[in-house]
Protein chains: 2
Amino acid sequence: MMSDENYQSLDEETLFLISQTFKALADPTRIRILHLLFNRELSVSNIAEQLDLNQSNVSHQLRFLKNLRLVKYRRDGKTIYYSQDDEHVMKILQQSIDHATHH
Amino acid sequence: MMSDENYQSLDEETLFLISQTFKALADPTRIRILHLLFNRELSVSNIAEQLDLNQSNVSHQLRFLKNLRLVKYRRDGKTIYYSQDDEHVMKILQQSIDHATHH
DNA sequence: TTATAATATGAATATGTGTTCATGTATTGT
DNA sequence: ACAATACATGAACACATATTCATATTATAA
């Protein structure tokens, strides 16, 4: 498909999308949030409690992740439950955690 | 070791390492550099030419990537050739590019 | 209605980051 | 020795980002 001399450069749009996605994973707080949401849904206050973060901070980070469609939410009364919404990114995160912990 | 909900929290060191690695991939310029180095070694000036970046900028980014051991280098006279040095990260990058382009 | 709980939002701030400019260092050739 | 080439480095700047605080919104309960 591609020879050594034939280099396929990345277009601006793809480049931006990829860098934005990795940016989501480039912050410890967001990694911890996504890691919590790996196989369950959780409310904002629950996440804040478990990670010892203030509620506003968690809300801001969740908005960031939601804009990139890495998480989704559903409302139940006053509570809003967040869960993962991108299998591919979660898989990459899991791989990286495994790789980092297994040295 | 594991709670009832089967959640393993991430220690500070792992968290820092993972976030740093993703930070390397969170910038368009560094993505383009790594993408160029996918299956070849290139000199600093060659990278700068191909990506239309100034030499200093490329040097700074390569230092960043070298500190994270994502690239390595060898000297040949006045020229320094850089190449990839982390199969796992390159694989993740390739996966993400494929995922972004086939979408 | 009023009060309370859960979450979102915007402003402010402190810190981090990407790029450029000027200059330094290392190597080769004359 | 000197000049030229390839690359690295540090300072400076503009811009982005993470977090906190105060306040707004939304939904439930009394």
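Below, read A as the first sequence line, B as the second, and so on, with proteins coming before strands; counting in each chain starts at 1.
With hydrophobic clusters built from ILVMFWY side chains whose heavy atoms lie under 4.5 angstrom apart, A/Phe16 does not share a cluster with A/Ile92.
Residue contacts for A/Ser45: at a heavy-atom cut-off of 4.0 Å it reaches the sugar-phosphate backbone alone, with no base atom in range. Looking at heavy-atom distances under 4.0 Å, B/Tyr73 makes no contact with the nucleic acid at all. Among the heavy atoms of the strands lying under 4.0 Å from A/Thr79 are primed sugar atoms or P, OP1, OP2 only; no base atom is included. No contact: A/Phe64 has no heavy atom under 4.0 Å from any strand.
The CG atom of A/Leu53 sits 14 Å away from the P atom of C/dT7 (whole-angstrom rounding). Distance, A/Ile33 CD1 to C/dT7 P: 13 Å, rounded to whole Å. One interatomic measurement links the two molecules: CG of B/Asn57 to P of D/dA14, which rounds to 17 Å at whole-angstrom precision. Regarding B/Ile80, its CD1 atom lies at a distance of 15 Å from the P atom of C/dT25, rounded to whole Å. Protein atom CG of B/Leu25 is 12 Å distant from nucleotide atom P of C/dG18, rounded to whole Å. Atom pair A/Arg74:CZ and D/dT26:C1' shows a separation of 17 Å (rounding to whole Å applied). We find that NZ of A/Lys78 is positioned 6 Å from C1' of C/dT4, with the value rounded to whole Å. Taking atom CZ of B/Arg32 as the reference point, atom P of C/dG18 lies 15 Å away to the nearest angstrom.
Contact annotation: A/Arg63 does not reach the phosphate of C/dA8 (side-chain N/O to OP1 or OP2, under 4.0 Å). Close to C/dA8, at under 4.0 Å from its OP1 or OP2, lies a side-chain N or O of A/Tyr82. Using a 4.0 Å cut-off, some side-chain N or O of A/Lys23 falls inside it from OP1 or OP2 of D/dT17.
For B/Thr101 (side chain) and B/Ile97 (main-chain N/O), a donor-acceptor pair under 3.5 Å exists by modelled atom type.
Checked by distance alone, B/Gln55 brings no side-chain donor or acceptor within 3.5 Å of a matching partner on the base of D/dA6. Between the side chain of A/Gln61 and the base of D/dA18 there is no donor-acceptor pair of N/O atoms closer than 3.5 Å.
In this structure, the side chains of A/Leu37 and A/Ile47 come closer than 4.5 Å at one or more pairs of heavy atoms.
Of the two residues contacting DNA chain D, namely A/Arg75 and A/Ser56, the nearest-nucleotide position lying further toward the 5' end is that of A/Ser56. Between A/Asp76 and A/Asp27, it is A/Asp27 whose nearest contact on DNA chain D lies nearer the 5' terminus.
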*Could you go through the side-chain contact (heavy atoms from CB on, under 4.5 Å) check for A/Arg74 and A/Glu41 one step at a time?*
CA-CA 9 Å; A/Arg74 75 177 175 86; A/Glu41 65 173 13; 2.5 Å; yes
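Judged by the 6.0 Å distance and 45° axis criteria, A/Arg75 is not positioned over the aromatic ring of A/Tyr81.
Judged by ring centres under 5.5 Å apart and planes tilted less than 30 degrees, B/His60 fails to stack against the six-membered base ring of C/dT19.
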